[in-house]
Amino acid sequence: MENLGILTALFFLFSSSTSLHPSSQTNLQNHCLDDQRSALLQLQHHLYYAPNFTFSSKLELWDPNTQCCSWKGVTCDALGHVIGIDLSYQNLSGSFYSIFNLHHLQRLNLAANNFNTTLFQYGFGKLPNLTHLDLSASCFHDQIPVGISYLTRLVSLNLSYQDDCYWRNDQSSASLKLEKPNFKTLIKKMRSLRELYLDGVNISSQSSEWCETTSLSLPKLSVLSMSNCDLNGHFPAEFFLLPKMQRIDISDNSRLMGQLPEFPINNTLEVLSLQYTNFSGKLPESISNLKLLRVLTLSKLSLNFNSISGSIPPSIANLSNLVELDLSGNNFNGLIPPFHRSGVPNLAYLDLSRNRLSGSIPSSLFTLSTLQTLSLGYNSFSDYQLKLDMFFQLNNLRFLDLSNMSLLIGSHNKSLTFPQLEGLALRSFNLTEFPEFIKSQNKLTSLHLSNNRIHGLDPNWLWKTTLIWVDLSSNRIDIPNQIAFDDAISSFPMLRWLHLQSCNISTFPAFRKSQESLEDLDLSNNKISGAVPNWVWKKSLQSLNLSNNSLTSLDQFSSNQDSLRAPICNLSQLQSFDASFNKLSGSIPSCLGNINTLSFLYLQQNNFSGSIPDFGGATQLYALKLKDNKLEGKLPRSLANCTMLYAVNLGNNTLHDTFPLWLGKLPGLMVLLRANRFYGPIKHLENNFPKLDVLDIASNNFSGQLSIEFFQATHKLRSLKINGNNLEGKLPRSLANCKKLEVLDLGKNMIHDTFPYWLVKLPLLKVLILRSNRFYGSIKFFEDGNAFPMLHILDLAYNNFSGEVSVDFFQSLRGMMVIDGNKVKPSYVGDNYYYKDSVTIMNRGFEIFYQKILTLLTCLDLSNNNFHGRILEEVQDLKSLHVLNLSYNGLFGPIPSALGSLTELESLDLSRNSFSGKIFPQLTSLTFLAVLNLSYNQLDGRIPESNQFGTFSNDSYIGNPRLCGVPLTRKCNEVGSKMLPPKEDEDL
């Protein structure tokens, strides 16, 4: 909230610096030239007021009977030429062609209007004298015209925040983009440019080219604002060191990497905003040289980002101009710097949450009288005896977040006057009851007390009439159906946001009946059963989460949920609806397909039946999850109209249709149709599925050969699962074009081909499953030191491979040679919010389905083939192996002692081969080994007994008649380990 306030202030500061000065209009009223006047009157004729994109009235801003140089928003020079036009914040729409007849124009400000059009129709090159151009937040979209690159005298260019205009008008968003011209072409002649605002302009197609040229092309730059541009590459450190640079905002570019440089003395930076980027490294001690710095934000949103680490330089506490400091979500360790009011007298916003800071909270922190927002949660502080009261010395505090800390609540100091908070977050705070100081908080709008141990009834005084956002999730509270209010609180607050997730609630809270303004309601993971009461369906709802309950119906009075009059159909503003993991049955309400605001619909794991509704009206749909139901019939072709669609998960139903070729024009997509009844060939049209990310069509009835053209077009595929179908023929070599491929599962088909050695060049391939096909021949590799650099699961079982397992083969498995040391925070393959990759492998003698694939899990399965020869010593290089299965082959010779080097091994299956000789004692060093199968070989001698070998049963060794010792009943002669004559009932 404070961030927004500061950004708004900076915006208006810029606006005032570029506004037209009325003093220049005096004594110019008699100098209005006729051609200038005519152009302005034409402009007024073609513009109109259009709040919410709706025509209201023609523009009557200027009086034709007066001199044009005196008109509002118009500035002239001494000769009567119009040199400035400011029509910002007028809700204008229409066209402005006549502006380009004003060739002396220097300043043009059309910001914050509602034009809702493209810019390439306008001739910006006709305004060669333009120095200031502001078209921000006016609903311009599509390509930035090349004419703007001809404005060589530009000092300030602002094309930012077009999304804000669409949001302001409650319309579907669109954005400006830079493709032709590209970024380099746009700026290369703007040598005078000082301020560049391109926030929200899509520059994703530029790769890293945008940042390789900017610092050289714009030597006078003082403001670079390019937040939310989908930038990538490495941000040049030179930007931070430009002699006149005052403000850099490159926030919300999650793919943009970089490090902070060493800052020289007298650096001019005032604002440095890098939050939600992929910056890493350390915060340099020389940050103290930024004497003018007012805003520093380095926050990160999730663990998927790189983070800035090391200690926070203590000298940061002496930046006397600092107003806002946000270092949250990084990997900082050590102590909190000694912030004191003498060092940072203006500090208003301090967020150090979600780091690894330790030690005590310095007492000097409580001297910061200007502090309004303080967030220290989710660190590792040791101040277990510090009282919560201490924070109330900060008299101007408005927002306090101490989540995941263990402070003493204690008896409150009666002499303390608590500051009137607007926001309070004490998540995971070990609370057992509601803190009583909340009684006196009469301005509280936001209250977050989730993940505590609060139990019992919630008190009346908790429900302040000022409250808007409340989260009490993961507590054992009792919410009465009716809440009686005393004189101090005369009514229940009109909430907009209420989360009661995992609160052991068994009925819908009746106080919801009066909540006509509620926008976000989360009652997930409770024990609510039966039908949803009709009063729950408030028109104001934008997000509703009822997942993980025992609900049986979405309509209290009718079992016919397909009716367009069902109560859920009243939710015209609904954006997200999650009723997954319930017991809902019947058909999916068809009206859901007509809600044009709906972005997320999750109904998986219920008992819905019938066909999938028509989604022709849900044009904003982004994610659709209907898996694990009883849906049947064809896919609705109207899904092709949902141009925002990204994730479609319809797995485990009984849908009967051909491959959805018609989805191929959607801009970015995950298609998940696993375990249905889809049939026929996987067809392809030219340029289809250009941005397909995941395709999971496993366990269907697809047949025919895989198309070469399909993989030429789908080169951005990350995960492909077509196992469990009836596909045949050769594997298309065009798969090698899919350079982003991480998971390839072709198992259980009828593919007839040799080993696809040409896949070794896929740099990101982690999982390759070819089991149960008709692959044949020896496994050959051409010499390549970079083969399979990340592969950690390879399953070739149940094929017709033959020949020896060569040295080249073992050396090619580079991804299995390094033990991942990050076992504390394990990561998963394809760890995406909408989809997590899964796999089925043989482990410990059983076929196991892994719903998520740990990057730690390393498996090599060559079983049930025709390999022969010896196991080579080079197998010891595969140090990260957890599962090794070579069973049912023709391998012979001794079991190599080198296997004892595979210290991570948990499952080893060498059964049904022709191994001979002794079991070497080196294998007892495999202390993680849980399953060992050496059965049906020609081994002899004593079975080792130490470590894990003492846990294995007879089944591990059966079929080796010359083996002896525990656990077999066959005894060994102590001298030379010769076997004693077997008894009649002994195992052979």
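Just so you know, these numbers come straight off a predicted model, no measurement behind them.
- Taking CZ of R677 as the start and NE2 of H656 as the end, the distance is 8.5 Å to the nearest 0.5 Å.
- For the pair E179 and Q143, the minimum side-chain heavy-atom distance is below 4.5 Å.
- Side-chain contact annotation: D199 with S227, donor-acceptor N/O pair under 3.5 Å present.
- Here L541 contributes atom CG and Q573 contributes atom CD; the two are 9.0 Å apart, rounded to the nearest 0.5 Å.
- Judged by distance alone, the side chain of S517 and the main-chain N or O of S540 form no donor-acceptor pair under 3.5 Å.
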For Y48 and S93, run side-chain contact (heavy atoms from CB on, under 4.5 Å): C-alpha distance rounded to whole Å, both residues' side-chain angles, the deciding distance at 0.1 Å, then the answer. CA-CA 6 Å; Y48 55 88; S93 191; 3.6 Å; yes
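- In this structure, CZ in R255 is found 12.0 Å from SG in C229, a value given to the nearest 0.5 Å.
- In this structure, the side chains of L673 and P660 come closer than 4.5 Å at one or more pairs of heavy atoms.
- Counted by atom type alone, S175 and N202 present zero donor-acceptor pairs between their side chains at under 3.5 Å.
- For the pair N629 and F608, the tightest heavy-atom approach, listed with the atom from each and the gap, is OD1-N, 3.0 Å.
- Using a 30° and 60° split on the angle between ring planes, F96 and F140 fall in the perpendicular class, above 60°.
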For L119 and I144, what are the C-alpha separation, side-chain angles and deciding distance, and is it a side-chain contact (heavy atoms from CB on, under 4.5 Å)? CA-CA 6 Å; L119 286 172; I144 293 174; 5.5 Å; no
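- Heavy-atom contacts from other residues, nucleotides or ligands closer than 6.0 Å to CD of Q121 number more than 12.
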Determine whether L735 and L720 satisfy the following criterion, side-chain contact (heavy atoms from CB on, under 4.5 Å), listing intermediate values before the conclusion. CA-CA 10 Å; L735 259 173; L720 175 63; 4.1 Å; yes
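- Listed by chain and number, the residues in a disulfide bond (SG atoms under 2.5 Å apart) with C139 are C165 (sequence neighbours excluded).
- For the pair F678 and L635, the minimum side-chain heavy-atom distance is below 4.5 Å.
- Between the NZ atom of K766 and the CD atom of E742 there is a distance of 3.5 Å, given to the nearest 0.5 Å.
- A donor-acceptor pair under 3.5 Å is absent between the side-chain atoms of H46 and the main chain of G94, judged by distance alone.
- Heavy atoms from other residues, nucleotides or ligands lying under 6.0 Å from NZ of K625 number more than 12.
- Atom CZ of R733 has more than 12 heavy atoms from other residues, nucleotides or ligands within 6.0 Å.
- Annotation: side chain of D837 is in contact with side chain of R718 (closest heavy-atom distance under 4.5 Å).
- Inspection of the S553 and D555 side chains reveals no N or O donor paired with an N or O acceptor under 3.5 Å.
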Please report the C-alpha distance between D745 and V767 in whole Å, then the side-chain angles of each, then the deciding distance to 0.1 Å, and finally whether the side-chain contact (heavy atoms from CB on, under 4.5 Å) criterion is met. CA-CA 8 Å; D745 190 344; V767 178; over 6 Å; no
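- Environment of NZ in K748: sparse, with no more than 12 heavy atoms of neighbouring residues, nucleotides or ligands closer than 6.0 Å.
- Here the closest heavy-atom approach between residue N653 and residue K627 is recorded as ND2-CA, 3.8 Å.
- With hydrogens and angles left out, the side-chain atoms of N91 and N114 include a donor and acceptor closer than 3.5 Å.
- N700 places none of its side-chain heavy atoms less than 4.5 Å from the side chain of F659.
- Contact check for I853 versus I793: side-chain heavy atoms found under the 4.5 Å cut-off.
- When all heavy atoms of C591 and I568 are compared, the closest pair comes out as SG-CG2, 4.0 Å.
- Side chain of D696 to backbone of S719: no donor-acceptor contact under 3.5 angstrom is found.
- Interatomic distance, Q604 CD to L650 CG, rounded to the nearest 0.5 Å: 11.0 Å.
- Checking N723 against R771 by side-chain atom types alone, no donor-acceptor pair falls below 3.5 Å.
- Side chain of D163 to main chain of G200: no donor-acceptor pair is present (N/O by atom type, distance under 3.5 Å, no hydrogens or angles).
- K836 forms no cation-pi arrangement with Y828, by the criterion of a distance under 6.0 Å to the ring centre and an angle within 45° of the ring axis.
- To the nearest 0.5 Å, the span separating CG on L498 from CG on L523 amounts to 7.0 Å.
- Here the closest non-hydrogen pair linking L764 and K740 is CD1-CA, 4.0 Å.
- Under the 4.0 Å criterion applied to side-chain N and carboxylate O atoms, K634 and D657 are assigned as salt-bridge partners.
- Taking each heavy atom of F600 and L621 in turn, the nearest pair found is N-CD1, 4.4 Å.
- No donor-acceptor pair under 3.5 Å is formed between the side chain of D164 and the backbone N or O of Y161.
- Of all the heavy atoms in C503 and S473, the pair that sits closest is SG-CA, 3.8 Å.
- For the pair Q501 (side chain) and D471 (backbone), a donor-acceptor distance under 3.5 Å is absent.
- The shortest distance between side-chain heavy atoms of P589 and L554 falls below 4.5 Å.
- Between the S138 side chain and the N113 main chain, a donor and an acceptor come within less than 3.5 Å of each other.
- The backbone N or O of S547 sits less than 3.5 Å from a side-chain atom of N549, completing a donor-acceptor pair.
- N526 places no side-chain N or O within donor-acceptor distance of the main-chain N or O of S506, the cut-off being under 3.5 Å.
- Using a 3.5 Å distance cut-off with no hydrogens or angles, the side chains of Y602 and N545 do not pair a donor with an acceptor.
- Formation of a donor-acceptor pair under 3.5 Å by the N749 side chain with backbone atoms of I722 is found in this model.
- Comment: D142 engages K177 in a salt bridge, judged by a side-chain N to carboxylate O separation of less than 4.0 angstrom.
- In this structure the side chain of I595 never reaches within 4.5 angstrom of the side chain of F577, judged on heavy atoms.
- Open room surrounds NZ on K583; 12 or fewer heavy atoms of other groups in view lie less than 6.0 Å from it.
- Among N582, D628, L626, the single residue meeting the side chain to side chain contact (heavy atoms under 4.5 Å, CB included) criterion with Q605 is D628.
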Could you check N228 against Y276 for side-chain hydrogen bond (donor to acceptor under 3.5 Å, both in side chains), going step by step and ending with a plain yes or no? CA-CA 9 Å; N228 194 27; Y276 310 150; over 6 Å; no
